[in-house]
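Have a look at the structure below before the remarks.
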Amino acid sequence: MRRLAAVLLVFTLILPSTMFAADDTPLSGYSTRSSQAEREWETKFRGIPEPANLREYMKHLSARPHHVGSPYDKENAEWILARFKEWGLDAHIETFDVLFPTPKVRVLEMTEPTKFTAKLEEPALAVDPTSSQKSEQLPTYNAYSIDGDVTAPLVFVNYGLPEDYEKLDRLGISVKGKIVIAKYLHSWRGVKPKVAAEHGAIGCLIYSEPQDDGYTRDNVFPQGPMRSPDGVQRGSVMDFASSNPGDPLTPGYVASPEHPRLSRSEAKSITKIPVLPISYGDAQPLLAALKGPMAPDEWRGSLPIPYHVGPGPATVHLKLEFNWDLKPVNDVIAKIPGSVAPDEWIVRGNHHDAWVNGAEDPLSGTAPLLEEARALGLLLKQGWKPGRTIIYAAWDGEEPMLLGSTEWAEAHADELRQHAAVYINSDGNDRGLLSMGGSHTLEHFINGVARDIEDPETKLTVWQRLQLSDIAQAKSADERKEFRERPDLRINALGSGTDFTAFLDHLGIATLDLGYGGEDEQGIYHSIYDDFYWYTHFSDYDFVYGRALSQTVGTAVMRLADADVLPFDFMDFADTLQKYTKDLKRLLADKQEEISERNKELDEGVFKATLDPRRPTVAPPREEVPPHLNFAPMENAVESLTRSAEHYQKAWSQKQATLTGDQAESLHTLNQSLIESERKLTNDDGLPRRPWYKHLIYAPGVYSGYDVKTVPTVREGIEQKRYAEADQEIVRVAKALNDEAALIESAAQMLEKQ
Ligand SMILES: [Zn+2]
């Protein structure tokens, strides 16, 4: 369900042709000899994926709606299983029964000042053949909204973020007892009903604003790629970030008949108020009937109406009832046993379920995964023997909230903690730049892979294209300098929103999330129009970026599986932690300054002096200036991390020159220890108030959802004004980093002793 923001590419390409010459320095984690052999196998691999196959897989899998529990979802799982087997892989389906609500009653009407009944319907289009499969399509709704029947005046709350409610406070407007209408985007959708409920609202509507993914950006579908007036974004509103993703009735353990299930009223991740997504066609009459103050400038969209905030006089009646059934999710799992270290696993996944036909989300990522599996099957027949075990997974139930991947990770938690070295994820894929997210211990590794993949449009490496695009978009001379001089491009820290979450955040497995995108606009996300017709007209229609994704991820999988020593690198990780520590100190200093300044302005009478009596506003409250926090434990820990990272790097580069093929036994101990390196960054007690999340460096934000909070307990402590907690958490993070430094140090010594 991940969604990339479109970025404009503006740069000219003047580069010598030698820049794509093959590199013969040995790969990280390999001896000179094993590196050569690996490069040969990888080159063979990258020649195999075919755009025509990707097109066929997508066409087949998107032929009918395939949401959780639907007949075609099951057929797709069986079809994928048959392909894995046909390609010579040992594969099976694992099924879990999970809570998956579907709509029974959906009513939205305006009762005052005029009558209006919302359509809540996406029409079939003659030009788009699968859009007419009405009997199999899920209606437009938000999964895990509670049932409800509410009538109340409406309030427009912009994107429905905490800061939007601060603005409403300044306008003197409360949402208590009201129904709010929020725009999609700028936070994960489930944050909107959560924050609304915290402020006392009794219902929530979310609409797709044309300024964000409609006619303001390009022509609407089917003339263009953007959202039409009746297009609706379905989606989950499960409050996964403050509790856990996966089945709401079995939090933290696998959904199976042997385990007790919570009752629905005990499930923390179901919303507190009813919530429904609507089109801008349905939203416009409601918004047009609002009065009260004008919405702040930056809240206004591009509908041809004055954007007022309310409350009322528009009054709406929202009635929702759902079938709260258990539905099966079918994960398709294929295994290639390792020949040297079968107990070390590289896991690779992408989901196969969709909200409707789901060509872009997820099949543009599922198809490349299948093509990787076919290619690896061919290499096996040619004599390639991966050193480590490789597991390919096509997850079901990602859209409702990572159901298939989370239940599988919980079912196999002990084995995964013991054996899984790396998890690699992808989701929807489009044209453009490579997006690299993941654990920073893999930053150096994935930069190396990106240097070996050709960009289909420019014929540069995807790494070069990314670097040049970064330079073009840099905001300062310092940034440009870093992009030119730092050997590795920084990768994004991971929040959530797709299937890596249980692996990284719950189990502490080093993770990568990869995909291409940024060149095409899209406004079909989670609608019936995300289908084969749309994808083959408006996205990567020649499937060359699908092939690039296969080549990128497949290369990463092979390189991880075959390395003599797992190619974790701790220099980039230590550098990143130095940066995070500085960021946190700046965050606190900025808060202190902001609050001192506001208090001073209150003393000076700035708010009274600037008040327009015809448009009265309320002065912000006086707040206590945040105290100083003691960052010293973290700063000291990052220093010892840096020292041990340098030591490890030195030890490895000395070792690499003398490495031979007969050290498998001693390398095994080293690799076991390296597998532990991500685990050391977790804490069994988990994060405060959300113990399912165990990673102390990366977590989705409680109030941002998909967006990451790095060093989450300290960062959110400062943001949420829990200063004493932030101070304690610095100590806990420092301990984890010290443990990590000790592990790296002992790994360096192991290398030196061999
Ligand atoms: Zn997806």
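From a predicted model like this one, the values you see are computed outputs, not experimental measurements. When a ligand or atom number is given, it counts from 1 through the structure's own listing order.
Within the 2.8 Å limit, Asp427 places at least one N, O or S atom next to the Zn ion (ligand 1).
Among heteroatoms of the N, O or S kind in His351, NE2 lies nearest the Zn ion (ligand 1). As for Asp361, its N/O/S atom nearest the Zn ion (ligand 1) is the one called OD1.
A salt bridge links Arg465 to Glu457: at least one charged side-chain nitrogen sits closer than 4.0 Å to a carboxylate oxygen.
When the salt bridge (Lys or Arg N to Asp or Glu O under 4.0 Å) test is applied to Arg106, no partner is found at least two apart in sequence or on another chain.
The aromatic ring centroids of Tyr698 and Phe500 lie 6.0 Å or more from each other.
Note on residues 527-537: pairs passing side chain to side chain donor-acceptor pair (under 3.5 Å), not counting sequence neighbours, are Thr130-Asp531.
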